[in-house]
Amino acid sequence: MGFFKKLKEKFTPIEVEEPVDHDDKVSDTGESEGDHQEAERSEAVPEEKNGEEERVKEAGEVSEEPAEEAAEAEEEQTEPVTEDREPEETEEPDQAELEPPEVTEPEQELEAPESETAEALPLLEPEETETSEPEEGLTEEQKRVSLAEKFKMGLTKTRNSFSTRINELVAKYREVDEDFFEELEEVLISADVGVHAVMDLIEELEAEVKRRNIKDTKEVREVISEKLVELYYGDEDEEEVEGLKEVEDGLTVYLFVGVNGVGKTTSIGKLAHQLKQDGKKVMLAAADTFRAGAIEQLDAWGSRVGVDVVKHSAGSDPAAVVYDGIKAAKSRKADVLICDTAGRLQNKVNLMNELSKVKKVITREIPEAPHEVLLTLDATTGQNAMSQAKTFAEATDVTGIVLTKLDGTAKGGIILAIRKELEIPVKLVGLGESVDDLEPFDAHAFVYGLFADMIDEYEEPEEKE
């Protein structure tokens, strides 16, 4: 089998011993680095020290003043210089002064706005966006481990519930039989994996157990983890399922859709931050002109992460905002434009017509766009999220899911249900409240997060081979 071993090797950090031995490195001359530094320090103040000793001998006694001064200097040096890495946002004064003018709605001929230069906010570079810069120096292997650790932390609630019930099931049954699979089915459904997905999974598990002649229930846990990954990817290549599509030479447009309250605007801000850290020039279009405060919220995120925001006044035509956003992004040579949209209840016909109109405007300006239509769902709503996904998938061509608040639910299996029943991949997941906690979805890292405790304890099967 070896799937637990594979995940463990892939996501367990490698211990590096160089920093420990660094001070004991011996140079070509035979001196250790520590000795060399000590010699430099002793050579730096010989005259001062000798002069002081002569004065002490002449005076016949040692003065305590230098010691006191040294103590005071040491206290001053040890006082930390605090640096506020998350300063309070100061964009409000700028917003008041730089409110863009009204722009004609594009319902007639979608003409370009007269004042294109004042339609976006100025670039603001807060110190907060520097928090993730150290990750630039990480190797691909270190990034994989970091991603897996975030999944491990973010899936704590799901893992505690899921793993506990799996372990109880394993302890209850010594042999793999029909009763074991029936209870396993209940465990998977309770984790919101979805009825159709669970039925297929159980069927494949039974066939695999027979093929491998597995008798011990402990060994089934590893087969479950392997089949969950296979269930997610299906017959598609991993590279085709994972990651956001982007244009190498030109403007990439992402259209965000979803109901109110699922974290759509917040996810846009976090994605903008992530793309900006990757060296891309990003712009936002505040096309959610219906919800009170939506424009201001996206405005605040733009200032926080340091990207321009194209906006109109509340109640404006969303298609006009998106049109102006595309024009501004092209003129400023932006790499990515992320469009926010209204999030009224998904069963409203007007909303779906509005989304169709926005998409039509985007496609007319850039034929291959939008490159991703990302549906934002709240993981804590469980099967209600599935209902939303079905409705939006019927009304718009959803290409990917952004699943927020995954760290706040014990039913993270909804990812597999959405993937299996709707055949829509999960592109991004929210694993925390930090600006850096929106991560690209990786099914291997997801399964590692679900089975982390079992994988960390995995040793015995390796010895049998």
Side-chain angles (χ1 to χ4, degrees), residues 1-8 151-152 155-235 379-387 406 409-423 426 443-465:
M1 291 182 285
F3 195 70
F4 273 2
K5 181 180 179 182
K6 178 182 177 182
L7 293 177
K8 189 172 184 178
F151 270 93
K152 182 177 178 180
L155 290 170
T156 298
K157 290 185 178 181
T158 299
R159 182 173 64 256
N160 289 344
S161 173
F162 184 74
S163 297
T164 299
R165 296 195 63 180
I166 290 290
N167 285 330
E168 289 175 352
L169 186 61
V170 168
K172 181 178 179 181
Y173 292 91
R174 295 297 179 185
E175 293 185 359
V176 182
D177 55 20
E178 193 67 28
D179 293 336
F180 173 82
F181 281 114
E182 285 184 5
E183 289 203 33
L184 176 60
E185 184 178 317
E186 294 179 7
V187 172
L188 294 169
I189 291 176
S190 68
D192 262 359
V193 174
V195 176
H196 298 296
V198 169
M199 297 303 293
D200 290 346
L201 181 61
I202 293 296
E203 184 178 339
E204 291 187 17
L205 280 173
E206 289 178 335
E208 193 68 16
V209 166
K210 288 181 181 178
R211 188 181 71 82
R212 299 184 185 182
N213 194 26
I214 296 174
K215 302 297 183 182
D216 189 352
T217 55
K218 289 183 179 180
E219 297 181 19
V220 178
R221 299 179 302 181
E222 191 172 0
V223 183
I224 294 172
S225 65
E226 185 175 359
K227 291 301 177 182
L228 286 175
V229 173
E230 293 179 4
L231 178 68
Y232 181 81
Y233 289 118
D235 297 329
T380 62
T381 60
Q383 290 300 313
N384 189 32
M386 175 68 74
S387 174
L406 189 59
T409 180
K411 298 185 176 183
I414 190 66
I415 289 177
L416 299 166
I418 293 172
R419 174 63 177 153
K420 179 64 178 178
E421 295 189 27
L422 302 180
E423 297 183 353
V426 176
H444 290 93
F446 171 73
V447 171
Y448 174 82
L450 284 179
F451 292 86
D453 298 334
M454 303 178 193
I455 293 172
D456 292 341
E457 297 173 357
Y458 175 80
E459 291 295 343
E460 292 182 2
E462 189 177 355
E463 294 176 359
K464 289 180 181 179
E465 295 180 5

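For the atom pair I202 CD1 and L188 CG, the distance stands at 5.5 Å (nearest 0.5 Å). Note that the OG1 atom of T158 and the CG atom of D192 stand 9.5 Å from one another [nearest 0.5 Å].
Closest heavy-atom contact between F451 and F162: CZ-CE2, 3.5 Å. Of all heavy-atom pairs between G412 and L406, the closest is CA-CD1, 3.9 Å. The two residues V229 and A443 come nearest to each other via the heavy atoms CG2-O, 4.1 Å.
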Please list every donor-acceptor pair under 3.5 Å in which a side-chain atom of residues 164-171 meets a protein atom from a residue at least two apart or in another chain.
residue: T164; atom: OG1; partner: N160; partner atom: O; Å: 2.4
residue: R165; atom: NH1; partner: S190; partner atom: OG; Å: 2.9
residue: N167; atom: OD1; partner: R221; partner atom: NH1; Å: 3.1
residue: N167; atom: ND2; partner: S163; partner atom: O; Å: 3.2

For a quick test of your reading: what N or O donor-acceptor pairs under 3.5 Å do the side chains of residues 179-186 make, sequence neighbours left out?
residue: E183; atom: OE2; partner: K172; partner atom: NZ; Å: 2.7
residue: E183; atom: OE2; partner: Y173; partner atom: OH; Å: 2.7

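Counting heavy atoms from C-beta on, the side chains of E226 and E230 come closer than 4.5 Å. Between L416 and L201 the shortest side-chain heavy-atom distance does not fall below 4.5 Å. Using a 4.5 Å cut-off on side-chain heavy atoms (C-beta onward), M386 and I418 make contact. The side-chain heavy atoms of V209 and E219, taken from C-beta on, include no pair separated by under 4.5 Å.
Shown here are the salt bridge (Lys or Arg N to Asp or Glu O under 4.0 Å) partners of E206, two or more places apart in sequence or in another chain: there are none. Evaluation of the side-chain hydrogen bond (donor to acceptor under 3.5 Å, both in side chains) rule for T380 yields D378 as partners, not counting sequence neighbours. Partners of K420 according to the side chain to side chain contact (heavy atoms under 4.5 Å, CB included) rule, which considers only residues two or more places apart in sequence or in another chain, are A197, D200, L231.
For residues 206-233, the pairs satisfying ring-ring contact (aromatic ring centres under 6.0 Å, His included) are Y232-F441, Y233-H444, with sequence neighbours left out.
Side-chain N or O atoms of R419 include none that pairs as donor or acceptor with a backbone N or O of V426 at under 3.5 Å.
The side-chain contact (heavy atoms from CB on, under 4.5 Å) test with L205 singles out one residue from I214, V176, I224, and that residue is I224.
The number of heavy-atom neighbours closer than 6.0 Å to NZ of K411, taken from other residues, nucleotides and ligands shown, is 12 or below.
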